[in-house]
Amino acid sequence: MAPSGPGSVRRRCRRVLYWIPVVFISLLLGWSYYAYAIQLCIVSMENVGEQVVCLIAYHLLFAMFVWSYWKTIFTLPMNPSKEFHLSYAEKELLEREPRGEAHQEVLRRAAKDLPIYTRTMSGAIRYCDRCQLIKPDRCHHCSVCDKCILKMDHHCPWVNNCVGFSNYKFFLLFLAYSLLYCLFIAATDLQYFIKFWTNGLPDTQAKFHIMFLFFAAAMFSVSLSSLFGYHCWLVSKNKSTLEAFRSPVFRHGTDKNGFSLGFSKNMRQVFGDEKKYWLLPVFSSLGDGCSFPTCLVNQDPEQPSTPAGMNSTSKTPENHQFPAKPLRESQSHLLTDSQSWTENSANPGKGKAGMSNPALTMENET
């Protein structure tokens with residue numbers, strides 16, 4: 001076996017360093033468990049009823065926090081399905097053509113049957129040279145993961161993972177349960193924190209754990225509340241962090257609300273239709289991450305149109321028009337309340353490609 005080169009060693013070192021924030025959070029969580037459950041509840045609390053209530057509530061929040069954090073870290077980000085990858089002949093043709101109109105013509109022919117509406121700032125087809133694929137709507141290339149990630153939100157160092165379509169719900173629940181965890185600790189620790197400053201606690205090591213526990217919980221509560229509030233706003237507007245900073249560009253131009261379907265449907269797109277799963281870190285998001293309903297004002301003439309005899313657009317209460325588009329079944333039913341969407345009749349199998357669950361077809365990390 002050939003010895004590893006310096007590039008391979010650097011990559012391995014970077015992979016190890018990327019886990020430092022996760023290890024830090026894990027150690028902090030472990031210490032908080034010892035400080036709250038042992039030093040505060042068992043050692044410092046004198047009322048048995050208070051001990052029982054606090055320990056039950058604490059362990060419930062602790063379990064949900066750890067579960068959602070685990071799922072956010074270890075759920076692999078989803079990559080575009082095979083239909084978005086160029087064929088060998090298309091790659092050869094693309095390599096022969098110079099950058100410019102001829103290059104774009106090859107991509108336009110390859111993308112004519114794909115459910116894509118977003119473009120680059122110059123109006124060109126969104127193509128990833130590194131992954132050699134046509135990017136689905138809301139898909140972006142992550143320089144850390146070195147992959148194209150479906151509905152990429154951001155790469156989070158605190159989970160050492162890309163937050164995207166497959167784990168965005170888990171990330172939101174992680175923020176929610178970590179915020180509740182910190183608020184609960186700060187609220188129940190407050191009276192003992194006050195006793196610390198009034199010399200009402202016995203002079204043991206428990207009082208120092210109680211003091212630092214309150215400071216840590218209060219500090220993280222402030223930062224987590226702003227971050228969680230921001231992502232709640234993003235969900236309500238059906239935006240990703242990247243789309244909030246740079247609005248998606250459609251053929252008719254930039255539209256910052258191009259994917260918004262209204263508050264209720266935006267929530268269902270992330271959390272799913274079954275409310276019993278909303279608070280659990282189990283995958284329930286709608287769709288496959290490759291195609292999304294849009295509220296475009298003008299229909300893209302390059303995309304498949306509706307069959308003859310049917311309206312190509314229909315008005316919503318917000319006076320948006322929805323072009324016909326080959327959505328997957330799990331996405332298109334979001335619009336059945338007020339608008340009709342049709343599948344691409346020329347290729348009935350096309351709409352079923354992709355995955356409705358990230359555990360089905362996912363590229364392995366290399």
Side-chain angles (χ1 to χ4, degrees), residues 11-30 32 61-62 64-80 128 130-131 135-136 138-182 216-217 219-246 248 259 269-271 279-285 289 358-359 362-366:
R11 282 194 298 272
R12 291 177 181 176
C13 290
R14 281 199 300 268
R15 287 179 181 177
V16 172
L17 292 175
Y18 289 153
W19 284 102
I20 290 178
V22 177
V23 172
F24 172 76
I25 293 294
S26 301
L27 292 175
L28 187 63
L29 189 61
S32 70
L61 290 174
F62 181 82
M64 298 305 294
F65 179 12
V66 172
W67 187 10
S68 56
Y69 189 45
W70 177 276
K71 293 285 285 187
T72 307
I73 295 172
F74 294 105
T75 299
L76 294 177
M78 284 179 64
N79 315 118
C128 180
R130 193 163 183 84
C131 298
K135 293 180 183 178
R138 316 185 81 174
C139 175
H140 299 275
H141 187 89
C142 176
S143 58
V144 179
C145 299
D146 197 23
K147 292 179 180 180
C148 282
I149 308 299
L150 294 181
K151 196 187 176 185
M152 179 177 173
D153 188 87
H154 68 288
H155 186 94
C156 181
W158 297 105
V159 299
N160 190 27
N161 198 4
C162 252
V163 177
F165 175 76
S166 63
N167 63 350
Y168 187 61
K169 177 192 171 184
F170 306 150
F171 178 74
L172 284 172
L173 292 179
F174 158 62
L175 293 180
Y177 286 123
S178 59
L179 176 59
L180 290 175
Y181 180 80
C182 291
M219 179 184 66
F220 279 105
S221 295
V222 173
S223 58
L224 285 169
S225 60
S226 59
L227 185 59
F228 179 62
Y230 175 67
H231 278 277
C232 286
W233 176 79
L234 290 177
V235 171
S236 70
K237 299 295 183 181
N238 206 337
K239 294 181 180 181
S240 66
T241 300
L242 293 176
E243 290 164 353
F245 283 96
R246 177 179 292 179
F259 292 108
Q269 196 172 92
V270 174
F271 290 96
L279 300 181
L280 298 176
V282 294
F283 186 83
S284 59
S285 301
M362 195 177 300
E363 294 183 6
N364 293 325
E365 290 186 287
T366 56

Let me see the working for Phe170 and Tyr177 under ring-ring contact (aromatic ring centres under 6.0 Å, His included), right down to the final yes or no. CA-CA 10 Å; Phe170 306 150; Tyr177 286 123; over 10 Å; no

For a side-chain contact (heavy atoms from CB on, under 4.5 Å) check, start with the C-alpha distance between His231 and Tyr168, then their side-chain angles and the critical distance, and finish with the verdict. CA-CA 10 Å; His231 278 277; Tyr168 187 61; 3.0 Å; yes

Below 30° counts as parallel, above 60° as perpendicular, anything between as tilted: where do the rings of Tyr181 and Phe62 land?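 The arrangement is tilted - the two ring planes meet at 30° to 60°.
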
Below 4.5 Å, heavy atoms only, C-beta onward: do [X] and [Y] meet side chain to side chain?
X	Y	value
Ile149	Asn79	yes
Leu234	Ser240	no
Tyr69	Val22	yes
Phe271	Leu172	yes
Trp19	Ile73	yes

If a pair satisfies salt bridge (Lys or Arg N to Asp or Glu O under 4.0 Å) and one of its residues is in residues 230-244, list it, with sequence neighbours excluded.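 Sorted pair list: Arg138-Glu243.
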
Interatomic distance, [X] atom [atom1] to [Y] atom [atom2] [nearest 0.5 angstrom]:
X	Y	atom1	atom2	value
Leu76	Cys162	CG	SG	11.5 Å
Leu224	Ser178	CG	OG	4.0 Å
Cys13	Arg11	SG	CZ	11.0 Å
Leu17	Arg12	CG	CZ	14.5 Å
Lys169	Ser68	NZ	OG	11.0 Å
Phe171	Phe228	CZ	CZ	10.5 Å

Determine whether more than 12 heavy atoms belonging to other residues, nucleotides or ligands lie under 6.0 Å from atom CH2 of Trp70.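 12 or below, so no.
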
Partners passing salt bridge (Lys or Arg N to Asp or Glu O under 4.0 Å) against Arg130 (at least two apart in sequence or in another chain):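 Partners of Arg130 by the salt bridge (Lys or Arg N to Asp or Glu O under 4.0 Å) criterion, ordered by chain and then number, come out as Asp146.
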
Give the minimum heavy-atom separation between Leu150 and Pro136, together with the two atoms involved.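 Nearest pair, atom of Leu150 first, then Pro136: CD2-CG, 3.9 Å.
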
Closest non-hydrogen atom pair between Ser285 and Phe283, with its separation: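 Heavy atoms of Ser285 and Phe283 come nearest at O-CE2, 3.6 Å.
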
Show me the donor-acceptor pairs, under 3.5 Å and distance only, between side chains in residues 151-159 and residues at least two apart or in other chains.
| from | atom 1 | to | atom 2 | distance (Å) |
| --- | --- | --- | --- | --- |
| Asp153 | OD1 | Thr241 | N | 2.9 |
| Asp153 | OD1 | Thr241 | OG1 | 3.2 |
| Asp153 | OD2 | Thr241 | OG1 | 2.7 |

Would a distance-only check, ignoring hydrogens and angles, find a side-chain to backbone donor-acceptor pair under 3.5 Å from Asn167 to Lys71?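 Judged by distance alone, no pair lies under 3.5 Å.
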
Residues Phe220, Leu28; criterion side-chain contact (heavy atoms from CB on, under 4.5 Å); working and verdict: CA-CA 11 Å; Phe220 279 105; Leu28 187 63; 3.4 Å; yes

Please step through side-chain contact (heavy atoms from CB on, under 4.5 Å) for the pair Ser26 and Leu29, ending with a clear verdict. CA-CA 5 Å; Ser26 301; Leu29 189 61; 5.7 Å; no

